[in-house]
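For reference, the structure is listed below as structure tokens.
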Amino acid sequence: MGRERSSGGLRGLLPGLAIPLLLLSWWALSTAGGTGAVLPPPVRVAAVLTHPFTDLMSAGSLAWNTAVSLVRILLGFLLAMAVGIPAGLLMGASGRVRRLLTPTVEMARPLSAIALIPLSILLFRSRTLSQLLGLGHLRYQRHILNEIQLGMIFILFWGGVFPIILDTMQGVRSVRRLHVEAATVLGAGRGFIFRRVLVPSALPDIFHGLRMSIGRCWMVIVAAEMLPGTNSGIGYLISYSYQLSRYDVMMACLVIVGIIGALFSRGLEALGERSLVLRSRER
Amino acid sequence: MSLPATETDILAEDLSRVFEEPSGRVHALGPVSFAIRRGSFVCVLGPTGCGKTTLLRTIAGLEAPDSGRIEIGGRTDSGRSEIGYVFQQGALFPWLTVRGNIDFPLRARRLPRPERAARCAEVLRMIGLEGFGDAYPHQLSGGMQQRVALARAVVTSPDILLLDEPFSSLDMRTSRLLQEKLREVWMARRTTVVFVTHNIEEAVYLAGEVILLGHRPGTIIRRETVDLPEPRSRLSADFVELLVSMRNTFEELIEEDGAARPLPGSDRASGMPLS
């Protein structure tokens, strides 16, 4: 079933676009008169989207702000992955590690990204990646490294790490006992079983965690870009354009966040599909 | 039972196993004592729940006995002889191909790549799996999957091969085909084989010796040599005669055993204990 869905490609996606298209046409109709409508008509939003390199409100172009957010999200996500997967694997494989870390994870998890903004200001002030790398403030003001604030990466990491930890741990713990026993009688040691049985068994769950995580990162980016001193990013553009009543820009940003978020999720799903198919057949 | 040490491959003394269940302690096995000669083919036969599987798992080191001891190739520690184990079903790794599954124990032993490839090719040929090396387990029928499991268990050329009702979930034709295959492998390699089953026909066809376990907690109630001319045939008069006589004897023994040690709430005395 899952396999057919993925092989359909773009054509398979079309039925799923019915609801967004319906919303779009309703929106277009409701704003057609041009009077009293709160939202700008879709044509004006489309005009913003089709000129991605035009400067908007002196805050840089749409493409630039999207790129800045993308880099931030990828950094936060990669950090979450680098910490979350090993932590989840260890917590799944060892009861001792699990007992040691579970209380911490459970207490840290409910803290929302927004609740962490003050903390991240205290911890990181407005230090950026270029400062961390000892590059000082790079000469060109709009250099990507100048835009990567450590506090943001911290918030994105926080938002993304817990789904990865919990799903990875769950994946390792749901390994079939029979497979572990089979590996044991086949002469595999603990390390070999960990690498060649536990990790592949957990792979579908790890991919699920990664999908949840990247989704969370896109949700959190808006909060992360509320940090003081921020003057770039798609999340920043959303709040800034709202303040300046440029609702066309605001709507364009929302569309972009939605589309890129969906693309990321689908990409990870496609990567994880193979392992999922193999495991589900066996159950 | 007093075999010279060099000829004994598996030695069990007063082995027993008790499980702690939420409903209380369950005495699952024993005490049993036996010696199995190197290179022999032994079938462990018994009714459902008699502890056959537990016995096999204890030999494999997957479970520790609660009392008694077990010696494999003269050693009691876990770093002992090479053991091959075939589970009932579903023990193949679904994320690996047939070749990947068979390669798994070789990789775990850090054998060099050319040797691994050569050994894989050899068992694939021996078990009749040529051309299936790159298939995934879910693409194969149950019979083919058990072939792969058998190939994976013998690829390391183990001294001892343990099989836990490996063909019981297959249809009769496939099951018989694989029984023949297993005998071929045994003839070629003369590995010590312990084969657990509840099917007396399977046991008589395969084994050089049958160990009969009684109801839970299973103890040995009979040990019988199967002396049939080779090559064995299910259609030969010798085979049919022996099968009928052993079935009668064994069913009587199991019934007596059940009557001697009744368990409340158990209906095991009714019906056919062996199929």
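Order of the sequence lines fixes the chain letters, A, B, ..., with proteins taken first and strands second; residue numbering starts at 1 for each chain.
- Closest approach of A:H179 to B:W95, counting heavy atoms only: ND1-CZ3, 4.2 Å.
- Around CZ of B:F132, the count of heavy atoms belonging to other residues, nucleotides or ligands within 6.0 Å does not exceed 12.
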Verdict with reasoning, A:V197 to B:F104, per side chain to side chain contact (heavy atoms under 4.5 Å, CB included): CA-CA 10 Å; A:V197 179; B:F104 187 94; 3.8 Å; yes

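- Closest heavy-atom contact between A:R176 and B:G90: NH1-O, 3.9 Å.
- Residue contact with chain A, scored on non-hydrogen atoms closer than 4.5 Å, involves the backbone of B:Q89 exclusively.
- Between the CG atom of A:L186 and the CD1 atom of B:I102 there is a distance of 11.0 Å, given to the nearest 0.5 Å.
- Annotation for B:A91 and A:A182: closest pair O-CB, 3.8 Å, computed over non-hydrogen atoms.
- Annotation for B:R119: atom CZ counts as buried by contact number, over 12 foreign heavy atoms lying within 6.0 Å.
- Within a 6.0 Å sphere centred on CE of A:M212, heavy atoms belonging to other residues, nucleotides or ligands number more than 12.
- Nearest heavy atoms, A:G187 versus B:A108: O-CB, 3.9 Å.
- Atom-to-atom distance recorded for A:E181:CD and B:F87:CZ is 5.5 Å, nearest 0.5 angstrom.
- Both the backbone and the side chain of B:R107 come within contact range of chain A, judged by heavy atoms closer than 4.5 Å.
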Worked check of side chain to side chain contact (heavy atoms under 4.5 Å, CB included) between A:S201 and B:F93: CA-CA 9 Å; A:S201 294; B:F93 303 123; over 6 Å; no

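- Dense packing is recorded around CZ of B:R183, with more than 12 heavy atoms of other residues, nucleotides or ligands lying under 6.0 Å away.
- With a 6.0 Å radius and a threshold of 12 heavy atoms from other residues, nucleotides or ligands, B:R190 has its CZ atom above the threshold.
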